Amino acid sequence: MTTPYNFPHDTFADEIHQRFTDLEAGGETGVTVAVAGRVMLLRVQGKLSFGTLRDSSGEIQLFALSAVTESFEDFTKLHLGDWVGVTGEVVRTRKGELSVKVATWQVLAEARHNFGDKWAGINDFDVRYRHREADLWANPESRTALASRSGVIRSLREQLWSRGFMEVETPMLNSVPSGAAARPFVTHHNAFDVDFSLRIAPELWLKRLVVGGFERIFEIGRVFRNEGVSPRHNPEFTMIELYVAYWDVYDMMRLTEEICAGAAESVLASTTLTYQERPLSFATPWARRSMADLVSEAVGEDVSVHTPRERLVTLLSERGGEANEAWGTGRLLSELFEVACEADLWEPIFVTDFPLEVSPLARRHRDDDLLTERFEVYCAGRELANGFSELTNPDEQRKRFEDQARLKAAGEDETMEIDEDYIKALEWGLPPTAGLGIGVDRLAMLIADAPNIREIIAFPTLKPLRG
RNA sequence: GCGCCGAUAGCUCAAUUGGCAGAGCAUUUGACUCUUAAUCAACAGGUUCCGGGUUCAAGUCCCGGUCGGCGCACCA
């Protein structure tokens with residue numbers, strides 16, 4: 001079948017509904033429109049035919065009559081899912097349905113496969129994710145979820161632009177994977193004949209840009225971690241990181257809650273949302289509690305990084321956790337937090353005062369040498385964001401990296417590698433700076449009420465079919 | 001990576017204790033000038049995910065594999 005090279009489309013379905021909302025049943029307008037979309041339903045009734053056309057804005061009924069419509073017989077033989085371009089007058093049928101009375105029409109593309117049951121759509125996860133284009137047409141909620149994600153990203157950008165931030169881009173091909181503790185994907189550059197790692201975080205590059213003089217920057221981009229998949233983890237995911245010179249962690253907490261609440265407001269017109277049938281409020285200010293406080297409350301006794309190590313080991317093992325001999329009280333407290341607290345944190349909360357032992361890039365706490373000025377945001381039982389006053393001293397940064405190397409020697413799988421270029425950058429002088437990273441997919445899941453991260457990723461990572 | 005569960009017509013799903021593999025929608029044909037998941041009539045549609053095994057007989061039981069969902073682990 002040959003199809004036209006273009007179609008003089010001039011109206012969207014929702015525009016017709018808005019403009020002619022007052023038209024009475026049986027009424028005519030004398031207004032001719034050209035609309036295009038897919039035929040979602042077709043009801044042929046002898047010399048009349050009713051179709052439901054869906055475009056990106058919504059749906060409008062097509063009303064074809066043998067006396068009016070060109071090639072009427074062929075029109076009644078359209079297949080569900082076919083793209084058509086239609087011109088005709090806007091009318092309302094006797095039964096009250098606003099319609100385009102089809103004068104001329106043409107097939108813009110055939111649908112050789114159907115889009116699933118017209119009532120149930122497509123439910124099979126395999127089909128939905130492997131052929132997302134079909135899922136998106138068959139299941140409007142799939143489109144809504146991706147549109148919400150787009151709205152979240154747009155809102156974050158707009159909020160940061162309006163606060164004077166500049167958007168930047170940093171390398172995805174890294175010779176030293178840095179900025180987080182995670183296994184990287186490795187690829188090969190032929191001309192250099194060297195292996196590169198896909199980035200696991202843009203963090204160190206971004207701070208080098210602050211050294212270079214950009215005081216408010218952010219990057220929204222893909223990071224890659226060679227780890228398992230789950231309803232909350234995709235091997236490639238989107239992170240927003242931002243850095244502000246002269247700020248500390250407390251300034252950053254205020255910005256964090258503002259932009260997250262702002263994103264919800266922008267997409268949902270409310271900071272009150274429902275996640276998986278449970279109410280959830282993004283209204284600011286969010287709660288702020290130290291990790292030691294939360295753990296103390298959960299275990300029923302006062303604990304902190306200053307608690308004797310043996311006691312923390314006991315508390316951890318009582319909860320099914322297993323301690324590694326190389327772990328100090330900081331790591332133990334953090335493990336206790338994960339087993340005893342994390343899953344119960346529903347409303348967004350800043351968990352503050354992270355142990356220095358688990359925070360190799362964060363600045364030492366001004367009141368406690370074993371802690372850092374670092375927070376993580378938890379919401380709906382999972383981590384949503386991470387921020388801190390940046391460690392700016394190159395000598396201390398080197399020590400922290402060396403501590404990580406010792407951990408690796410002690411058998412820890414995932415630690416940070418020493419990044420000499422980054423240390424040298426710090427030697428040129430990083431001013432007091434606060435940084436923030438938000439898992440954009442996680443944020444989008446909450447705002448889109450998506451139970452699975454794959455719902456808010458257009459084409460999630462899937463295992464290829466074999467054989 | 002480990003555990004549990006799932007896969008039947010193009011789509012959504014049935015199939016009793018192991019006993020002829022079914023329905024609705026879609027497709028095809030016919031009827032129908034106001035339908036709204038149109039309706040009515042008829043035809044057609046199957047490697048029951050793949051490969052083995054047990055049995056007179058397997059969609060159903062057993063073994064192996066593929067892909068997916070959930071949980072755990074890793075992590076954000």
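Sequence lines set the chain letters: A, B, ... in the order given, protein chains first and strands last, and positions in each chain run from 1. None of these values were measured; they are calculated from a predicted model.
For A:Lys118, counting side-chain heavy atoms from C-beta on, the closest listed nucleotide (B:A76, B:C25, B:A73) is B:C25. Distances were taken from every side-chain heavy atom of A:Pro231 (C-beta onward) to each of B:G68, B:C70, B:C34; the shortest belongs to B:C70. For A:Arg43, the listed nucleotide lying nearest its side chain is B:A38; candidates were B:G69, B:A38, B:C34. Of all nucleotides listed (B:A76, B:U36, B:C34), B:U36 comes nearest to the side chain of A:Gln61. Side chain of A:Phe237, nearest nucleotide from B:A76, B:U33, B:U28: B:A76. Looking at the side chain of A:Phe50, the nearest of the listed nucleotides B:A38, B:C34, B:U27 is B:C34. The side chain of A:Phe63 sits closest to B:C34 out of B:C34, B:G71, B:A37. For A:Leu465, whose side chain is taken as the heavy atoms from C-beta onward, the closest listed nucleotide among B:C67, B:G24, B:U36 is B:C67. In this structure, the nucleotide among B:C74, B:G68, B:A26 sitting nearest to the side chain of A:Glu227 is B:C74. If you check B:A76, B:C67, B:U36 against the side chain of A:Glu383, the one that comes closest is B:A76.
The CH2-P distance, from A:Trp137 to B:A26, rounds to 19 Å in whole Å. B:U36 atom C1' lies 14 Å from atom CZ of A:Arg54, rounded to whole Å. One interatomic measurement links the two molecules: CZ of A:Arg183 to P of B:C74, which rounds to 11 Å at whole-angstrom precision. A:Ile453 places its CD1 atom 13 Å from the P atom of B:G69, with the value rounded to the nearest Å. The interatomic distance linking A:Arg130 (CZ) with B:C11 (P) rounds to 14 Å, in whole Å. If you measure from atom CE of A:Met40 to atom C1' of B:A26, you get 13 Å, rounded to the nearest angstrom.
Checked against a 6.0 Å centroid threshold, the rings of A:Trp83 and A:Trp105 do not count as neighbours. Checked against the 6.0 Å centroid threshold, A:Phe337 and A:Tyr378 count as a close aromatic pair. The distance between the ring centers of A:Phe388 and A:Phe375 does not fall below 6.0 angstrom.
In this structure, B:U33 forms no base pair with any nucleotide, since neither Watson-Crick nor G-U wobble geometry is met with both distances under 3.5 Å. Of the nucleotides present, none pairs with B:G45 by Watson-Crick or G-U wobble criteria with both distances under 3.5 Å. In this entry B:A23 has B:U12 as its Watson-Crick or G-U wobble partner, both defining distances falling under 3.5 Å. Both distances falling under 3.5 Å, in either a Watson-Crick or a G-U wobble arrangement, place B:G68 opposite B:C5. Pairing for B:G59 is absent, with no Watson-Crick or G-U wobble pair whose two atom distances lie under 3.5 Å.
Across all strands, A:Arg128 comes closer than 4.0 Å to no nucleic acid atom at all (heavy-atom distances). Using a 4.0 Å heavy-atom criterion, one finds that A:Asn226 contacts no nucleic acid atom at all. In this structure, A:Pro464 reaches the sugar-phosphate backbone alone: every heavy-atom distance under 4.0 Å involves primed, P, OP1 or OP2 atoms, never a base. At the heavy-atom level, A:Lys47 lies under 4.0 Å from base atoms of the strands shown.
By the stacking rule of 5.5 Å between ring centres and under 30° between planes, A:Phe125 does not stack on the base of B:G68.
Contact between the side-chain N/O atoms of A:Arg225 and the OP1/OP2 oxygens of B:C74 is not found at any separation under 4.0 Å. Contact annotation: A:His113 side-chain N/O to B:U27 OP1/OP2 distance is not under 4.0 Å. Side-chain nitrogen and oxygen atoms of A:Gln45 include at least one within less than 4.0 Å of the OP1 or OP2 phosphate oxygen of B:C34.
Comparing the P positions of B:C40 and B:A23 gives an interatomic distance of 16 Å, to the nearest angstrom. Rounded to whole Å, the P atom of B:C5 lies 23 Å from the corresponding atom of B:A9. The C1' atoms of B:U60 and B:U54 are separated by 14 Å, rounded to the nearest whole Å. Rounded to the nearest Å, the gap between the P atom of B:G59 and that of B:G22 is 12 Å. Straight-line distance between the P atoms of B:A58 and B:A44: roughly 27 Å, to the nearest whole Å.
Side-chain polar atoms of A:Arg149 and A:Thr238 form a donor-acceptor pair below 3.5 angstrom. Counted by atom type alone, A:Glu455 and A:Tyr129 present one or more donor-acceptor pairs between their side chains at under 3.5 Å.
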A:Trp247 and A:Tyr243: CA distance, side-chain angles, deciding distance, ring pair (Phe, Tyr, Trp, His ring centres under 6.0 Å) verdict: CA-CA 9 Å; A:Trp247 277 17; A:Tyr243 292 84; over 10 Å; no
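Judged by the 6.0 Å distance and 45° axis criteria, A:Arg132 is not positioned over the aromatic ring of A:Trp137.
Each of A:Asn114 and A:Val44 lies near RNA chain B, and the nucleotide nearest A:Asn114 is the one positioned closer to the 5' end. Along RNA chain B, the nucleotide closest to A:Asp124 and the one closest to A:Arg232 are compared, and the more 5′ of them pairs with A:Asp124.
Just one residue in the list A:Val168, A:Ile438, A:Thr256, A:Ile259 forms a side-chain contact (heavy atoms from CB on, under 4.5 Å) with A:Leu242, and that residue is A:Ile259.
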